[in-house]
Amino acid sequence: MIEDKNRPSTPLSELGEFKLIEHLTQYFSLKNPSTKKGISDDAAVLNFGDDEVVVSTDLLVEGVHFDLSYMPLKHLGYKAIMVNLSDIYAMNAQATQVIVSIAVSSRFPLEALEELYAGIKMATEIYGVDLVGGDTTSSTTGLLISVTAIGKASDDKVVYRKGAKPNDLLVVSGDLGGAYLGLQVLEREKAVFKVNPNLQPDLEPYTYIVGRQLKPEARKDIVELLQALNVKPTSMIDISDGLSSEIIHLCKQSDVGCDLYEAKIPLDPQVISTCEEFNLDSTTVALNGGEDYELLFTISQEDYSKIKGNPNLTVIGYMKEKSEGAHLVTRANTKIPLKAQGWKNFEG
Ligand code: ADP
Ligand code: MG
C-alpha cells in the first residue's frame with residue numbers, strides 16, 4: 001500500500017552478492033576507537049582495552065515481528081537497530097558496534113534494500129555505532145533481519161537484572177503502552193484498507209502512538225542521564241515484552257518481591273484516549289503491551305533525591321521481600337499478583 005509503482009526496481013540478481021554488500025554498505029563510516037576493522041575482511045576486529053564487552057542479538061522475521069504493509073522499510077531498518085541497542089543500554093553500557101544479517105527473497109528489489117539500509121544508517125549515525133559486518137543471503141519466503149549489537153562498560157558500571165534489594169525503588173523511563181496501541185491502530189487501518197482501498201487512513205490523532213510503534217528510540221539518553229546524576233541502578237532491564245513480565249524478570253533474578261502502583265504507571269494522554277476508543281484498559285495495555293523499549297530499573301532509597309522530579313523518570317513501586325510476591329496495587333488499593341503474559345509471538 002505504500003509502494004510507488006513508478007520507482008525503479010532493480011532485481012538483486014543483477015548485482016550478485018558481493019556487489020550487493022558493497023552497494024548497501026558503501027556509505028557507512030567508522031566512528032568508534034574500539035573498531036579496529038569493520039566490513040571487508042573475514043571478521044571484524046574490536047579492541048575494548050579494560051572494558052567489559054556486552055553483546056546482544058535479535059532476529060526479526062517478516063510476518064512475525066513486522067508487517068511490511070504498514071511498516072516502511074526505512075523505519076524497519078531503524079527499529080531493528082533500536083531493538084538491539086535497547087538491550088545494550090539496559091546493561092548500563094555504551095553501544096559501539098552492530099552486525100546486521102539479512103535474508104531476502106527475490107520479491108525485494110535493490111531499491112527496497114536501499115531503504116532498509118537508509119534506516120540502519122540513520123540509526124547508526126544518531127546513536128554513534130559502527131556497522132562492522134553481517135551476512136547476506138537469500139530466502140524463499142520473506143525478509144529476515146538479524147542484528148547483533150556490541151557495547152562496552154567498565155566492570156563497576158555494568159548493571160544486571162540481578163541486584164535489586166527489598167525497599168529499592170522501582171523506576172521506569174518515559175511512558176508505557178503507546179507502541180502496542182499504535183500497532184492496534186495500524187492493524188485497524190490495514191483492515192479498513194483491505195475492504196476499501198480508496199479510504200485514506202487518518203492517523204493524525206494517533207501520531208504519538210503510531211510513532212512509538214514505527215520509530216521507537218532506545219534510551220541511550222537515560223543511561224547518560226543516570227551517569228550525570230551519579231545514580232547506578234541496582235538492577236535494570238528494557239521493556240520489550242510489557243511491564244509485567246519485565247518486573248517478574250527483575251524479581252526472579254534478584255530474589256525479591258515487588259509492589260507496583262497502578263496509579264503511578266506513566267501514560268501519555270493519547271494512550272488514555274485511544275484506550276477509551278478501543279475499549280481497552282490502559283493498565284492492561286501498559287502491563288502487557290510490549291515494544292515500548294523504555295528502561296525499567298531499581299535504585300536504592302538513598303538515590304531518590306537525585307532522580308526526584310525528573311520528567312523522564314517515574315517511581316512506580318518498590319521492591320519487597322521475595323516471600324511477599326510481586327503485585328499490582330490497584331487504584332482501589334487491592335493487590336493483584338503480576339502475571340507474565342509470555343511472548344506473544346509464540347501464541348496461537
Ligand atoms: P564470508 O563469505 O566470509 O561470509 P561475506 O562475503 O559474506 O564473507 O562478507 C564480506 C564482508 O561483508 C564481511 O566483512 C561481512 O561481515 C560483510 N557483510 C556481509 N553482508 C553484510 C551486510 N548485510 N551488512 C553489513 N555487512 C555485511
Ligand atoms: Mg557471508
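Each ligand, and each atom within it, is numbered from 1 in the order the structure gives.
- The Gly133 neighbourhood of ligand 1 comprises atoms 16 (O), 25 (C), 26 (N), 27 (C), with distances under 4.0 Å to a heavy atom of that residue.
- Under 4.0 angstrom from ligand 1, there are no non-hydrogen atoms of Phe28.
- Within ligand 1, the atoms closer than 4.0 Å to a non-hydrogen atom of Asp41 are 13 (C), 14 (O), numbered from 1 in the order shown.
- When heavy-atom distances to ligand 1 are checked against a 4.0 Å cut-off, Ile21 comes that close only through its side chain, counted from C-beta outward.
- Look at Lys335 and Asp259 and you find a salt bridge, because one of the NZ, NE, NH1 or NH2 atoms lies within 4.0 Å of a carboxylate O, short of that distance.
- The residue from Val132, Leu131, Val100, Ile39 that puts a heavy atom closest to atom 22 (C) of ligand 1 is Val100.
- For the ligand labelled ligand 1, residue Phe18 lies inside the 4.0 Å heavy-atom shell.
- With salt bridges taken as basic N to acidic carboxylate O contacts below 4.0 Å, one links Glu217 and Lys215.
- If you number the atoms of ligand 1 from 1 as listed, the ones under 4.0 Å from a heavy atom of Thr25 come out as 24 (N), 25 (C), 26 (N).
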Handout entry: side chain to side chain contact (heavy atoms under 4.5 Å, CB included) evaluation trace for Lys152 with Val53
Key = CA-CA 5 Å; Lys152 62 168 189 171; Val53 177; 5.6 Å; no
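- With respect to Arg331 and Glu262, a salt bridge is recorded, a charged nitrogen being found less than 4.0 Å from a carboxylate O.
- By the 4.0 Å heavy-atom criterion, Ser40 is counted among the residues contacting ligand 1.
- A salt bridge is absent between Lys165 and Asp168; no separation between the charged side-chain nitrogens and carboxylate oxygens falls under 4.0 Å.
- One hydrophobic cluster holds both Val256 and Leu243 under the rule that ILVMFWY side chains link at heavy-atom gaps under 4.5 Å.
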